[in-house]
Amino acid sequence: MAAPGENLRINADRLWDSLMEMAQIGPGVAGGNNRQTLTDVDSEGRHLFKRWCEEAGLAMGVDQMGTMFARREGSDPEALPVYVGSHLDTQPTGGKYDGVLGVLGGLEIIRSLNDLDIKTKHPIVVTNWTNEEGTRFAPAMLASGVFAGVHEQEWAYQRKDAAGKTFGEELERIGWKGEEQVGSRKMHAFFELHIEQGPILEDECIDIGVVTHGQGLKWLEVTLTGKESHTGSTPMPKRRNAGLGMARVIELVHEIAMDYQPEAVGAVGHMEAHPNSRNIIAGRTVFTVDIRSPNKAVLDEMDERIRAGIETVCEALDISFGIELVGHFDPVTFDEGCVRAVREAAERLGYSHRDIVSGAGHDACWINRVAPTAMVMCPCIDGLSHNEAEEIFKDWAAAGADVLFHAVVETAGIVD
Ligand code: HGY
Ligand code: MN
Ligand code: MN
């Protein structure tokens, strides 16, 4: 006799249609998305998600960081809810699935429970975390970080984008600043479905990643200051070239990461040269070093070596430097009970699976501090993400959402 819910499956076509409809909002220029946080298109995507949640009978709450919580009642209103979700904001050249699959996969669980008229003991809450990407306003996972007590809300409100606009102003402007106090919601558990954003699952032809850990991350924002001068008439020995300094530090970060790979990675993705004129030596450069490792000692050692290397580069070029740690979390170990729920769900459903460490950061990495948390991963083609060509197959999305469905419903408890 099948256990209650043993054969539960989501509606793969409906999930895929919702993913494709959401992808119409904030289109990129090459088939992906540019729906950056707190932009008008972010707001449009939020309104679509809100409409879908209300059509599914959910009660929507919004907190003071703009995070959206859509609640389905359980039989025991006193029971702490099981939360499930991710993020709808994208990179400027983002894909259609990074984050979105986790939010709409959560909504699909609700839609499927409604279809099957299944009641759970614990309420279930589908969540859209504000500013997971950290590309417009650093750091990444900003709202979930405030929710978990890692960042002060006022500090988050003051974070500035490249145009000097603050997070707080933009949240007010798009009309998504809610009333709820951030972090006041207590959770029975939190689950997040996400594409792997790396090549392992596809290379090994595995359906499901059971995420046991998340690698740690450091973002160092570096400012180098030299002297603007004429590229034609300034003698080479007299130049104080902040652009050359940035180039040398970028190379240094790569070399240090190569020393520790595959247990670490490092790169510089964000780069600014001022005044960025063809015939002026860059007097100032600002860039962000992104280093990551599942091993805290390695991460700290890389940090130390990079800081020492920056000092050496600047001495040689007679330029000065400033370093600000704008993003940081140590390696994460997810909750054993929740991880087991994911693994057993994959087994029950007959999906191939393997334990995996998340290379990317996720809201789950912060929520793991305040509630038992785990993640489900599905493959993505060529392991490509943070690229408009990010792509998955419908049945990969369905397998991930099926496993998420079982893990969430097992944890929420089915009542007749
Ligand atoms: O940077 C990250 O790992 C995430 O995509 N925000
Ligand atoms: Mn993401
Ligand atoms: Mn991302």
Side-chain angles (χ1 to χ4, degrees), residues 8-28 31-37 39 41-60 62 67-72 82-91 94-118 124-130 132-133 176 191-197 208 362-363 375-381 385 388 390-409:
L8 289 180
R9 304 271 172 165
I10 55 103
N11 179 326
D13 290 338
R14 180 172 54 197
L15 172 58
W16 193 256
D17 291 349
S18 295
L19 285 165
M20 292 307 112
E21 191 170 341
M22 182 59 78
Q24 301 305 309
I25 298 177
N33 277 106
N34 178 7
R35 195 172 53 242
Q36 295 181 62
T37 195
T39 56
V41 286
D42 177 25
S43 177
E44 213 184 309
R46 287 164 171 266
H47 281 295
L48 177 60
F49 173 58
K50 181 169 185 279
R51 175 163 65 80
W52 282 341
C53 288
E54 286 165 350
E55 286 166 0
L58 301 180
M60 182 63 76
V62 181
T67 296
M68 300 169 75
F69 301 100
R71 176 184 170 112
R72 182 181 199 256
V82 174
Y83 283 69
V84 56
S86 190
H87 61 93
L88 291 174
D89 67 305
T90 75
Q91 288 283 332
K96 300 190 280 284
Y97 312 97
D98 173 358
V100 186
L101 177 62
V103 177
L104 299 188
L107 175 60
E108 179 49 37
I109 290 176
I110 303 297
R111 288 170 165 171
S112 298
L113 287 172
N114 290 345
D115 288 350
L116 299 163
D117 195 18
I118 289 177
I124 296 174
V125 178
V126 186
T127 308
N128 168 32
W129 296 102
T130 301
E132 186 282 339
E133 290 294 356
W176 280 97
F191 289 93
E192 181 169 2
L193 166 62
H194 207 287
I195 57 171
E196 180 199 337
Q197 299 181 294
I208 298 293
H362 303 285
D363 294 305
M375 292 187 71
V376 183
M377 277 189 176
C378 73
C380 54
I381 292 175
S385 184
E388 290 205 43
E390 176 188 281
E391 200 46 79
I392 63 174
F393 291 111
K394 185 193 293 191
D395 54 9
W396 288 356
D402 279 339
V403 170
L404 184 73
F405 191 7
H406 278 244
V408 166
V409 168

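The model shown is predicted, which means the values in this text are computed figures rather than measured ones.
Glu132 is not listed as a side-chain neighbour of Glu192, based on a closest heavy-atom distance of 4.5 Å or more. Residues Ile25 and Leu88 are not in side-chain contact: their nearest non-hydrogen atoms beyond the backbone lie 4.5 Å or more apart. Inter-residue side-chain proximity for Leu101 and Cys378 is flagged as met; some heavy-atom pair is nearer than 4.5 Å. Residues Asp42 and Thr130 fail the side-chain proximity criterion, which asks for heavy atoms closer than 4.5 Å. Using a 4.5 Å heavy-atom threshold, the side chains of Glu388 and Gln91 count as separate. Residues Trp52 and Glu108 have side chains not in contact (no heavy-atom distance under 4.5 Å, counting atoms from C-beta outward). A 4.5 Å side-chain heavy-atom check between Trp16 and Ile392 finds at least one atom pair inside the cut-off.
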side-chain contact (heavy atoms from CB on, under 4.5 Å), that's the test. Do Lys96 and Leu19 meet it? Break it down for me. CA-CA 7 Å; Lys96 300 190 280 284; Leu19 285 165; over 6 Å; no
Apply side-chain contact (heavy atoms from CB on, under 4.5 Å) to Trp396 and Ile381, showing your working. CA-CA 10 Å; Trp396 288 356; Ile381 292 175; 3.8 Å; yes
Step by step, would you call Asp363 with Thr127 a side-chain contact (heavy atoms from CB on, under 4.5 Å)? CA-CA 10 Å; Asp363 294 305; Thr127 308; over 6 Å; no
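Salt bridge annotation for Asp115-Arg111: absent, with no cationic side-chain nitrogen under 4.0 angstrom from a carboxylate oxygen.
Atom CD1 of Ile124 is separated from atom OH of Tyr83 by 12.0 Å, given to the nearest 0.5 angstrom. Interatomic distance, His362 NE2 to Leu193 CG, rounded to the nearest 0.5 Å: 10.5 Å. To the nearest 0.5 Å, atoms CD (Glu196) and CE (Met375) are separated by 11.0 Å. Atom CD of residue Gln24 and atom CE of residue Met20 lie 8.5 Å apart, to the nearest 0.5 angstrom. Ile10 CD1 to Leu104 CG: the interatomic distance, rounded to the nearest 0.5 Å, is 11.5 Å. Residue Ile110 holds its CD1 atom at 9.0 Å from CZ of Phe405, rounded to the nearest 0.5 Å.
Remark: side-chain polar atoms of Ser86 are not paired, donor with acceptor, to backbone N or O of Val103 under 3.5 angstrom. In this structure, the side chain of Glu390 does not engage the main chain of Gly32 through any donor-acceptor pair within 3.5 Å. Between the Asn33 side chain and the Gly94 main chain, no donor and acceptor come within less than 3.5 Å of each other. A distance-only check finds a donor-acceptor pair linking the side chain of Asp89 to the backbone of Glu133 [under 3.5 Å]. The backbone N or O of Met22 sits less than 3.5 Å from a side-chain atom of Arg35, completing a donor-acceptor pair. Of the possible polar contacts, none joining the Asn34 side chain to the Thr90 backbone as a donor-acceptor pair under 3.5 Å is found.
Asp98 and His194 share a donor-acceptor pair across their side chains, judged by distance under 3.5 Å alone.
Residues Arg72 and Leu58 come closest through the heavy atom pair CB-CD2, 3.4 Å. Here the shortest heavy-atom pairing between Leu404 and Gly106 reads CD2-N, 4.0 Å. When all heavy atoms are compared, the tightest approach of Met68 to Phe49 is CE-CD2, 3.7 Å. What you find for Asn114 and Ala56 is that their closest heavy atoms are ND2-O, 3.0 Å. Asn11 approaches Ser112 most closely through the heavy-atom pair N-OG, 3.8 Å.
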